[in-house]
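Note sheet for the following structure.
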Protein chains: 2
Amino acid sequence: MSGSPATVDGRALRVALLGCGTVGSEVARLLTEQADEFAARAGAPVELAGIAVRRPDKHPELPAHLLTADAAALVESDVDVVVELVGGIEPTLEWLLSALRRGKSVVTANKALLAEHTAELAEAADASGADLYFEASVAGAIPLLRPLRESLAGDRITRVMGIVNGTTNFILSAMDSTGAGYAETLDEASRLGYAEADPTADVDGYDAASKAAILASLAFHTRVTASDVHREGIAGVTASDIGAAKLLGRTVKLLAICERVTSEDGTESVSARVHPVMIPRSHQLAGVGGAFNAVYVEADAAGELMFYGQGAGGSPTASAVLGDLVAVARNRVVGGRGPRESAHAGLRVRPMGQTPTRYHISLDVADRAGVLAQVAQVFAAHDVSIATVRQRDKHSTASLVIVTHLAQDAALQATVDEIGKLDVVREVVSVMRVEGED
Amino acid sequence: MSGSPATVDGRALRVALLGCGTVGSEVARLLTEQADEFAARAGAPVELAGIAVRRPDKHPELPAHLLTADAAALVESDVDVVVELVGGIEPTLEWLLSALRRGKSVVTANKALLAEHTAELAEAADASGADLYFEASVAGAIPLLRPLRESLAGDRITRVMGIVNGTTNFILSAMDSTGAGYAETLDEASRLGYAEADPTADVDGYDAASKAAILASLAFHTRVTASDVHREGIAGVTASDIGAAKLLGRTVKLLAICERVTSEDGTESVSARVHPVMIPRSHQLAGVGGAFNAVYVEADAAGELMFYGQGAGGSPTASAVLGDLVAVARNRVVGGRGPRESAHAGLRVRPMGQTPTRYHISLDVADRAGVLAQVAQVFAAHDVSIATVRQRDKHSTASLVIVTHLAQDAALQATVDEIGKLDVVREVVSVMRVEGED
């Protein structure tokens, strides 16, 4: 292949490590301690050629001769592979483009960068014949991206749905078991170290949206960026929502959902979204607690698959990074290349309003005849079909719990808005999308 | 790379299909119907060049010009990849060796062949630079082998444990829910099409043992063949065993268990075994019912992972075959090669007697003082430590239910043999290994 980088011909493969925090230090440790294993698996010795950190003097635990503050120079030096664990967009993007243009393969865990700039990175990799691997960017240690882009390459994936953020899963699990509110539970999560000092990226769904973009791109052979992903975080989830879910035998999870949607005229498009969802307690994702991740994949031929494991943490993420490192090293040794970005399907990304979803709506209503008829009339006016209604008396008010059939999300939103304005509705207690059969 | 087969340089990649039963016909259908998709994913058109079946006249549904009864000639013809779905050892082994020696890549689902002859096949592949892929040989559609040999290539796997045979899982699930005996449930499974006319390969554990050999080889970089795997089927599982498991809050599953075992002197070895096991009902494998497969993997850095999905059937298995086919096609197009067999660790396979296991033993004993002391004395004499004992009266006899700590399997067997000979023991009701905490 014309653009392919030279094979390493038995000499050691030189690795530049950018960033040496929790994950990076574990990568450095394992590469050094298990050097013989890596040599056997990669087909050539794999050698740490340099480690770029912001403040080399702050890392007495690392070999001084490997440390540098100049990441750009390290990338340009005589290295074969760049492992990027710095995060952020700039200047990281420039370093990785510089590496790929020089034919150096890149292994990265940087989901925010990938969710915005995969196209540029993949083009640079294709031009020089270098590899771009990023298993660690989604669901930590769980081998998920390689199955999607390789094992299922001969199948047609219709859906990827999962828990891909440990912090929000921890908070929602805790709210479910204690009945406490969101703010209180977030404080507790911070105290226990399950939430960052600034938890915005997690609780507002940015982290999960980046991962959804990466998953949707791989699953549907279409470029999907984070800005294409409809995103709602968990800050709006109330104790009332959790209580309402319990009454339905459900629990609340923040899910990333990537679907192939076929219109009535047969046109295919992609929906990618992150939002809180009520799922049945019997659903396998309902039992995924604490900081674990789990992802369901549905494909035409394979049927339903599930992948489960630790979604974050130094060691689990290092496992994914090192798996990629062995793969790109092996590709160097035999002169091959891993799979390229595949965006050949080029499907349209459907706006959230046009995405078919199902809603749960709990209402406190006046306890008098004709209320259900009025409410049902609003659903009918928006062409939204009701699946189940439960009515209960609560002293002077009554509660109505409604679950709909699939409808366009915009029609569901409009229905909820209008219902909230009815005189007979005292309070809209909880509105949340639902997934899974009861 | 010297031994590498030529790239296909834009021309169509020609595929020979050996065998066209349930899986093969699905492979042929998808390859034909989704030709554009395959071309986009593989980087070149993927074309069915011929289909070898025993009786071409029995396949009016297939294009006559592709059919041949001469598999050997098809393999030797101008094809790039051989997809083998015939099964059996001879003459299949000769066909695949012939293909690999000619530099043609092989995709196979033949677990029995791989469990015995991976070494020869891998050597032939290495000599010519061809690929040997076999994702479909274990756990059907579940992407399991690629994660083991690629995603976790930078990690140290300590354990692979799972349900890898759907027929036995169906029978054990049914025995658990109905309380019926083995023979009766097998008959029912045959009637429903969940068991073959000759169920030996499934119920005696041969199928699972082949898969255990493949899993252990990949996980521990060591050649493990089916004859290295300790094998016990489910024919000996009684309604009493199932009942005893229920009393302990457990259920019975046929598991393939592959472990890295470290001796006191630090020497590592491998244990690979297939036998019925009592696991807690709260264990995630306990909930895997019917014909589904699920496999747990534990690794030093990644921690605990689980993979779940359909383990058999035409479509799911075809999904795995086609994923491999895209991979080997892509390797041809770019001139690379997939991972080679990795047997560099060369660990010793530990005999079953020396493998640490835990036993559950239910006894009907005479209802008099001193029985437990006598029984406990036998355990002590064999250096087997008891974890829990439950004693119950049943009219004139009493029952003793004992669960041990880890001990050498041979010592446990010897203990059971000796206990059965005690005068105070009226009947050994159930003996079974256990896994998982209570």
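Atom set for the values below is all heavy atoms of this structure, side chains included, hydrogens, waters and symmetry mates excluded. Quantities reported herein were computed from a predicted structural model and do not represent experimental measurements.
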Please classify the contact between [X] and chain B as side chain, backbone, both or neither, with a heavy-atom cut-off of under 4.5 Å.
{"X": "L152(A)", "result": "both"}
{"X": "F307(A)", "result": "both"}
{"X": "E135(A)", "result": "side chain"}

Which one, [options], leads in non-hydrogen pairs under 4.5 Å with chain B?
{"options": "V27(A), L144(A), L145(A), L305(A)", "answer": "L305(A)"}
{"options": "R146(A), Q284(A), Q310(A), R330(A)", "answer": "R146(A)"}
{"options": "G140(A), A141(A), P143(A)", "answer": "P143(A)"}
{"options": "A345(A), P316(A), G309(A)", "answer": "P316(A)"}

Quick check: H344(A) with F220(A) (ring centres under 6.0 Å apart)? no
Centroid-centroid under 6.0 Å between Y308(A) and Y308(B) rings: no
Return the OG1 to OH distance between T108(B) and Y133(B), rounded to the nearest 0.5 Å. 14.5 Å
Given that the side chain runs from C-beta out, which part of I142(B) has a heavy atom under 4.5 Å from chain A: side chain, backbone, both or neither? both
Kindly say whether S315(B) contributes a backbone atom to a donor-acceptor pair with the side chain of S319(B) at under 3.5 angstrom? no
Consider salt bridge (Lys or Arg N to Asp or Glu O under 4.0 Å). Of R156(B), R260(B), R159(B), which one does D300(B) pass it with? R156(B)
Could you check H221(A), R223(A), R149(A) and say which one makes a side chain to side chain donor-acceptor pair (under 3.5 Å) with E341(A)? R223(A)
Assert top hit (heavy-atom pairs under 4.5 Å, partner chain A, pool A301(B), G338(B), S342(B), G314(B)) equals A301(B)
How far apart are the C-alpha atoms of R337(A) and D126(A), what are their side-chain angles, what is the distance that settles it, and do they pass the salt bridge (Lys or Arg N to Asp or Glu O under 4.0 Å) test? CA-CA 10 Å; R337(A) 242 199 109 187; D126(A) 285 350; 3.0 Å; yes
